[in-house]
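Down below is the structure, laid out as structure tokens.
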Number of protein chains: 4
Amino acid sequence: MCSRRTPPPTAPGRPGRPRSAAADAAILEATRAALVDLGWSKLSMSDVATRAGVAKTTLYRRWASKNELVVDAVAVLFDELELPDRGSLSADIEGVVRQFAALLERPEAKTALMAVVAESTRDAPLRERIRTSIVDRQKRLVEEGRRRAQARGELPATSPAGAVGGTDDLIFDVIAGAVVHRALVSGQPVDTQWVQRFTALLLGGLGAAARG
Amino acid sequence: MCSRRTPPPTAPGRPGRPRSAAADAAILEATRAALVDLGWSKLSMSDVATRAGVAKTTLYRRWASKNELVVDAVAVLFDELELPDRGSLSADIEGVVRQFAALLERPEAKTALMAVVAESTRDAPLRERIRTSIVDRQKRLVEEGRRRAQARGELPATSPAGAVGGTDDLIFDVIAGAVVHRALVSGQPVDTQWVQRFTALLLGGLGAAARG
Amino acid sequence: MCSRRTPPPTAPGRPGRPRSAAADAAILEATRAALVDLGWSKLSMSDVATRAGVAKTTLYRRWASKNELVVDAVAVLFDELELPDRGSLSADIEGVVRQFAALLERPEAKTALMAVVAESTRDAPLRERIRTSIVDRQKRLVEEGRRRAQARGELPATSPAGAVGGTDDLIFDVIAGAVVHRALVSGQPVDTQWVQRFTALLLGGLGAAARG
Amino acid sequence: MCSRRTPPPTAPGRPGRPRSAAADAAILEATRAALVDLGWSKLSMSDVATRAGVAKTTLYRRWASKNELVVDAVAVLFDELELPDRGSLSADIEGVVRQFAALLERPEAKTALMAVVAESTRDAPLRERIRTSIVDRQKRLVEEGRRRAQARGELPATSPAGAVGGTDDLIFDVIAGAVVHRALVSGQPVDTQWVQRFTALLLGGLGAAARG
DNA sequence: TCTTAAGCGAGACGGTACGTCCAGTCTTGGC
DNA sequence: GCCAAGACTGGACGTACCGTCTCGCTTAAGA
């Protein structure tokens with residue numbers, strides 16, 4: 001993960017004082033704390049530095065901008081998502097939707113996710129970093145769910161669908177997009193009823209696709 | 001629409017010089033132009049004022065903040081969405097998805113939409129204004145499409161579904177969310193293939209729901 | 001005196017909010033206080049702004065740099081020098097030397113004078129400003145002393161000596177230079193004995209010149 | 001000359017790697033070069049270190065601060081002043097004035113001299129070092145000139161004048177002060193005419209003193 | 001026609017954060 | 001123990017906007 005500003009910062013035999021590993025952790029933690037307290041738009045690099053007990057220069061030595069820092073700080077939150085086998089495709093979908101909704105209720109996640117996506121509309125490297133650090137890493141959940149459903153016989157084993165533009169990507173956008181839109185744009189709760197109706201809709205679509 | 005800072009700005013019998021109506025249009029147009037040129041985060045009130053040939057005071061007399069101004073400036077773009085009768089539910093869905101995707105390719109729309117949504121996560125009045133001025137106004141498209149499909153017999157006439165928590169809202173979140181996620185988060189093109197596969201999935205889901 | 005950064009700042013009919021006159025006085029006073037407390041090299045614009053109860057922008061709107069500000073702040077000190085008629089050329093010289101020495105003992109004057117002269121060695125506009133605001137204004141003292149001595153018959157009335165390169169300039173450099181060098185470079189006190197011996201030397205030179 | 005930070009740096013029997021003598025010369029030379037290029041206020045320790053091909057650590061191991069380093073770097077320039085016997089007191093004075101003026105035209109000398117004197121107004125050890133390394137060493141020129149003039153009979157042999165507060169010191173302050181003030185404060189050229197008139201004035205004063 | 005009250009432009013104001021630069025210190029590994 | 005390299009804390013820099021304010025001028029409706 002080349003998430004740092006400078007080229008591989010910790011080559012072993014490099015001369016000079018090595019970068020403090022503790023600083024990295026402190027900075028990312030401070031960033032999340034600042035996101036909770038202030039939100040993205042009032043988060044300042046100076047404040048993060050102060051919270052982390054670190055000089056501003058140390059921040060700028062490692063991250064080129066607030067956006068890159070925030071992406072790194074929240075990426076780890078998304079990695080906490082998991083997909084335990086709940087016994088059926090339906091339960092698996094409900095489970096992941098609920099987990100994702102719970103994540104989007106965390107203030108550091110919701111303010112940061114939308115903000116960096118907004119910034120990324122004018123910043124290709126940032127877009128790339130978001131995809132690499134956050135988005136693509138969650139596709140594993142869809143892939144895993146599909147594989148399990150195929151093993152259970154809930155979905156046909158044909159069409160691996162993992163190829164570029166495959167069904168996995170479509171399902172991913174539908175699930176993630178619907179939850180994000182419900183929670184952040186429509187501003188409505190992702191409650192049990194909604195989850196069940198969304199799951200039913202999606203299962204219906206998948207079933208129709210399998211038959212058609 | 002109480003989109004202004006001060007209460008009814010042009011009450012007829014009010015004393016003093018009335019507000020310039022031309023200024024309003026110039027400011028909103030200048031805001032869109034600035035969004036195109038600079039994106040949301042580098043847009044400044046001073047810059048908008050200069051572009052509009054207006055003093056900063058005039059901006060702040062009418063909008064309380066950059067966010068409110070931007071919401072008003074882009075809301076009109078979303079009102080351009082239409083749903084001509086394309087003859088089938090499938091074609092109607094494809095049509096609206098394409099229109100929405102085209103809108104999200106306009107730089108002023110994509111940078112602004114995500115940014116104000118991000119800000120709204122910590123600002124309830126802004127959230128309310130986004131819902132009022134942008135989001136809820138587009139639900140008419142879903143409603144219209146459903147009505148037409150019911151008239152055509154493609155969907156059962158039962159369940160008006162317009163009630164709070166009705167199917168309309170779910171469909172709206174799924175369509176809008178999937179398109180936004182595909183275009184802005186995944187950063188992939190909303191091309192013909194994707195639109196067709198998404199439409200098929202959604203139709204399948206709706207059909208299953210109608211049967212179940 | 002165009003001692004400000006921007007062109008004549010207080011033209012009467014100019015549009016916009018006029019500059020605060022009180023701010024000017026507060027800033028110059030704060031600058032002198034900071035010079036006393038911190039000396040030139042540790043004086044910071046931020047600190048001056050804070051002391052003056054003024055924003056940093058207000059400083060930079062009026063002075064282009066720390067050096068220009070300091071010149072203006074100390075110039076007024078030099079204007080306090082006076083040359084009361086002490087009855088003889090000798091007494092007048094002794095008087096002005098003592099006054100000048102007393103001025104150079106004030107911490108804000110001594111740290112600032114040498115520092116801005118040092119800076120001016122690489123900054124022609126600053127050099128010009130120092131000459132205009134400080135140096136040339138004190139030549140009046142030499143001129144006045146000479147005129148009085150001529151009136152008393154202590155010096156010949158011939159040779160007005162005020163022309164460029166005239167004797168006045170030479171005398172000025174000798175007096176000011178000797179006192180500055182004694183006080184700041186040699187770091188020795190300008191005490192009574194030194195003043196008397198310096199005055200005797202200078203009077204002797206002037207007398208010889210008058211005769212020769 | 002205890003111009004180093006640490007006590008006698010090259011005690012013979014000391015353990016460990018001895019300090020590089022070449023580094024000293026390179027640093028002082030780099031300092032002078034930086035003074036020429038940047039002036040005192042923009043000279044940075046990092047820059048000097050880079051120019052000298054040396055690490056910053058090495059600088060700080062030898063000099064406690066930028067000011068001390070600069071004093072050492074320019075002190076050697078002043079040692080180049082000489083007083084060849086030009087046959088008369090008048091010619092000797094003119095000679096030394098011209099030499100000193102030429103020195104003050106060198107950019108590294110003029111920017112550094114005034115700057116360190118300015119700093120020394122708030123830093124007694126620095127003041128002491130300037131006196132030791134620069135000022136007092138030049139008094140030899142006055143002393144030598146006086147001795148020669150006495151030998152020639154141009155000045156009376158009485159009054160050794162070398163004692164503290166003696167005439168030598170006064171003459172030194174008058175000569176050095178007048179030239180510095182003319183060149184750096186008044187910002188006027190120390191040209192032939194000025195030198196001759198200054199010399200005449202000073203000779204007149206010395207003659208009167210000798211007679212009185 | 002003359003108030004009168006608000007709108008309007010311009011731009012100064014007190015603030016806050018920016019991203020950079022340098023000071024001076026500390027921590028490596030190699031000599 | 002010296003040295004080069006470079007990361008570290010800390011603090012000032014000068015700039016850019018923020019949102020507010022204070023001017024003098026303009027514009028209409030009502031007296």
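Remember, it's a predicted structure, so these values are computed and weren't measured experimentally. Just so you know, these numbers use all the heavy atoms, side chains as well, and skip hydrogens, waters and symmetry mates. Protein chains get the first letters and strands the later ones, always in sequence-line order, with residue 1 at the start of each.
- Rounded to an integer number of Å, the gap from CH2 of B/Trp63 to P of E/dG7 is 14 Å.
- Closest non-hydrogen pair, C/Val36 versus D/Arg122, comes out as O-NH1, 3.1 Å.
- Rounded to an integer number of Å, the gap from CG of D/Leu59 to P of E/dT25 is 12 Å.
- Not a single donor-acceptor contact under 3.5 angstrom links the side-chain atoms of C/Arg17 to the base of E/dC13.
- With A/Trp40 as the aromatic partner, A/Lys66 meets the cation-pi criteria of under 6.0 angstrom to the ring centre and within 45 degrees of the ring axis.
- Where A/Ser20 and C/Thr57 each meet DNA chain F at their nearest nucleotide, the meeting point lying more 5' is that of A/Ser20.
- Nearer to the 5' terminus of DNA chain F, by closest-nucleotide assignment, is the contact made by D/Ala23 (compared with the other of D/Ala23 and A/Pro15).
- C/Arg62 places no side-chain N or O within 3.5 Å of a backbone atom of C/Arg19 that could act as its donor or acceptor partner.
- Taking 3.5 Å as the limit, the base of F/dG11 and the side chain of A/Lys56 contain no donor-acceptor pair of atoms between them.
- In this structure, C/Lys42 atom NZ and F/dC13 atom P are separated by 14 Å, rounded to whole Å.
- A donor-acceptor pair under 3.5 Å is absent between the side-chain atoms of A/Ser133 and the main chain of A/Ala75, judged by distance alone.
- Nearest-nucleotide assignment on DNA chain E puts the 5′-proximal partner with C/Gly16, out of C/Gly16 and A/Ser44.
- Contact between the side-chain N/O atoms of A/Arg14 and the OP1/OP2 oxygens of F/dA4 is not found at any separation under 4.0 Å.
- In the set E/dC13, E/dT20, E/dA23, the nucleotide with an atom closest to the side chain of C/Arg62 is E/dC13.
- The separation between B/Tyr60 atom OH and E/dG11 atom C1' is 14 Å, rounded to whole Å.
- Counting only distance, with no hydrogens or angles, the side chain of B/Arg32 and the backbone of B/Ala73 share a donor-acceptor pair below 3.5 Å.
- Phosphate proximity of E/dC8 to B/Arg61: present, with a side-chain N or O under 4.0 Å from OP1 or OP2.
- Rounded to whole angstrom, the span from the CG atom of B/Leu69 across to the C1' atom of F/dG19 amounts to 14 Å.
- Using a 4.5 Å cut-off on side-chain heavy atoms (C-beta onward), B/Leu69 and B/Tyr60 make no contact.
- Salt bridge annotation for A/Lys42-A/Asp47: absent, with no cationic side-chain nitrogen under 4.0 angstrom from a carboxylate oxygen.
- Judged by distance alone, with hydrogens and angles left aside, A/Thr58 brings no side-chain donor or acceptor close enough to the base of F/dA7 to form a pair under 3.5 Å.
- Between the CG atom of D/Leu43 and the P atom of E/dC21 there is a distance of 17 Å, rounded to whole Å.
- In the region residues 45-54 of chain D, proximity to DNA chain F at under 4.0 angstrom, judged on heavy atoms, holds for D/Gly53, D/Val54.
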